[in-house]
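A short worksheet on the structure shown next.
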Amino acid sequence: MLTLCLLRHAKSAWDQPNLDDFDRALAPRGIKAAPEVGKAMRGLRLAPDLILCSSAVRTRATLMLVLPELRIAAPPILFEDELYLAPSRRLADRIQRIDPPAQTVLVIGHNPSLHALALELTGGGQKADMAALAEKFPTTALAVLTFDVRKWGDVQAGTGKLAHFITPKGLKD
């Protein structure tokens with residue numbers, strides 16, 4: 001079984017309107033939310049074997065806040081330019097190219113592509129989580145999908161089970 005964790009970057013700052021989108025840092029709300037999602041991942045015993053992270057400043061910053069909360073030895077981390085604002089099809093193609101032995105992969109990226117990918121891959125799950133995912137994929141949201149396959153190349157649309165959908169707001173409830 002393979003596990004895919006799709007994490008949208010934490011809330012970014014918009015206080016510098018002339019700053020390039022790629023270079024935006026995290027807002028205080030994002031700095032607070034990211035470690036909380038990391039703790040939730042630890043509570044679910046989600047320990048990635050591989051992390052694929054967009055090379056944007058806000059995704060890197062999100063990773064640096066989540067990773068210590070996992071309390072695991074740092075897995076291989078690949079910062080990839082191709083993940084920055086990539087369409088969902090490109091993200092799906094990248095996931096299908098993941099090499100063994102990675103069984104649990106964390107992808108940190110951007111909307112709308114992460115949301116579209118999560119919806120495309122999900123074929124089942126708990127109704128409440130599926131309804132929340134269908135509504136929106138807010139900043140620092142985490143969709144955890146499991147696939148009953150052995151190779152990432154076999155991950156296809158509609159074959160994933162939405163095991164968890166975590167949002168910062170949901171962690172407060």
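Classification of R97 and D93 as a salt-bridged pair fails, no side-chain N sitting under 4.0 Å from a carboxylate O. With respect to R90 and E82, no salt bridge is recorded, no charged nitrogen being found less than 4.0 Å from a carboxylate O. Under 4.0 Å is where a charged nitrogen must lie from a carboxylate oxygen, and between R58 and D21 at least one such pair does.
No path of Ile, Leu, Val, Met, Phe, Trp and Tyr side chains, each step under 4.5 Å between heavy atoms, connects L91 with I77, placing them in separate hydrophobic clusters. In terms of hydrophobic clustering, with Ile, Leu, Val, Met, Phe, Trp and Tyr side chains grouped at heavy-atom distances under 4.5 Å, M64 and I31 are assigned to different clusters. Hydrophobic clustering (side-chain heavy atoms under 4.5 Å, transitive across Ile, Leu, Val, Met, Phe, Trp, Tyr) keeps I98 apart from I51. The same ILVMFWY cluster, assembled from side-chain heavy atoms under 4.5 Å apart, contains both L4 and L114. Follow the hydrophobic side-chain contacts under 4.5 Å out from L46 and you never reach L117; the two are in separate clusters.
Listed for the N111 side chain is a donor-acceptor partner under 3.5 Å among the backbone atoms of F137. No side-chain donor-acceptor contact under 3.5 Å links E80 to the backbone of C53. Judged by distance alone, the side chain of D49 and the main-chain N or O of Q103 form a donor-acceptor pair under 3.5 Å.
Atoms CD1 and CG, on I95 and L6 in that order, are 5.5 Å from each other to the nearest 0.5 Å. To the nearest 0.5 angstrom, K32 atom NZ is 13.5 Å from L65 atom CG. Interatomic distance, K161 NZ to L121 CG, rounded to the nearest 0.5 Å: 15.5 Å. Note: T146 OG1 to L2 CG = 9.5 Å, rounded to the nearest 0.5 Å. Rounded to the nearest 0.5 Å, atoms OG (S55) and CZ (F79) are 9.0 Å apart. Note that the CD atom of E120 and the CD atom of Q156 stand 9.0 Å from one another [nearest 0.5 Å].
For the residue pair H115 and L133, the shortest heavy atom distance occurs at NE2-O, 2.6 Å. Summarising the geometry of A143 relative to A118, their closest heavy-atom pair is CB-CB, 4.3 Å, with the distance given to 0.1 Å. Pairing each heavy atom of P87 with each of S113, the nearest pair is C-CB, 3.9 Å. Closest heavy-atom contact between L142 and M41: CD2-CG, 3.5 Å. When all heavy atoms of A102 and W152 are compared, the pair lying nearest together is O-NE1, 2.8 Å. Looking at every heavy atom in both residues, G38 comes nearest to V66 through CA-CG1, 3.8 Å.
Residues satisfying the side chain to side chain donor-acceptor pair (under 3.5 Å) criterion with T167, sequence neighbours excluded, are absent altogether. Remark: R42 engages E69 in a salt bridge (charged side-chain N to carboxylate O under 4.0 Å, His left out) (not counting sequence neighbours).
When hydrophobic side chains of Ile, Leu, Val, Met, Phe, Trp and Tyr are connected at separations under 4.5 Å, Y84 ends up clustered with F22, L85.
Counting heavy atoms from C-beta outward, L52 and I108 have side chains that stay 4.5 Å or more apart. Contact check for V57 versus R24: no side-chain heavy atoms found under the 4.5 Å cut-off. Looking at L26 and K11, their side chains never come closer than 4.5 Å, going by heavy atoms from C-beta outward. Counting heavy atoms from C-beta on, the side chains of R8 and T140 never come closer than 4.5 Å. Counting heavy atoms from C-beta outward, T3 and F147 have side chains that stay 4.5 Å or more apart. When side chains are defined from C-beta on, R94 counts as touching L83, because their heavy atoms get closer than 4.5 Å. When side chains are defined from C-beta on, L106 does not count as touching L50, because their heavy atoms never get closer than 4.5 Å. You'll find the side chain of S54 reaches within 4.5 Å of the side chain of H110, heavy atoms only.
Environment of CZ in R89: crowded, with over 12 heavy atoms of neighbouring residues, nucleotides or ligands closer than 6.0 Å. No more than 12 heavy-atom neighbours from other residues, nucleotides or ligands sit within 6.0 angstrom of CD on Q126. Other residues, nucleotides and ligands place no more than 12 heavy atoms under 6.0 Å from the CG atom of D148.
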List the steps and the verdict of side chain to side chain contact (heavy atoms under 4.5 Å, CB included) for L44 and I166.
-> CA-CA 11 Å; L44 294 170; I166 297 167; 3.5 Å; yes

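Screening V107, V144, L145 against C5 for a side-chain contact (heavy atoms from CB on, under 4.5 Å) leaves a single residue, V144.
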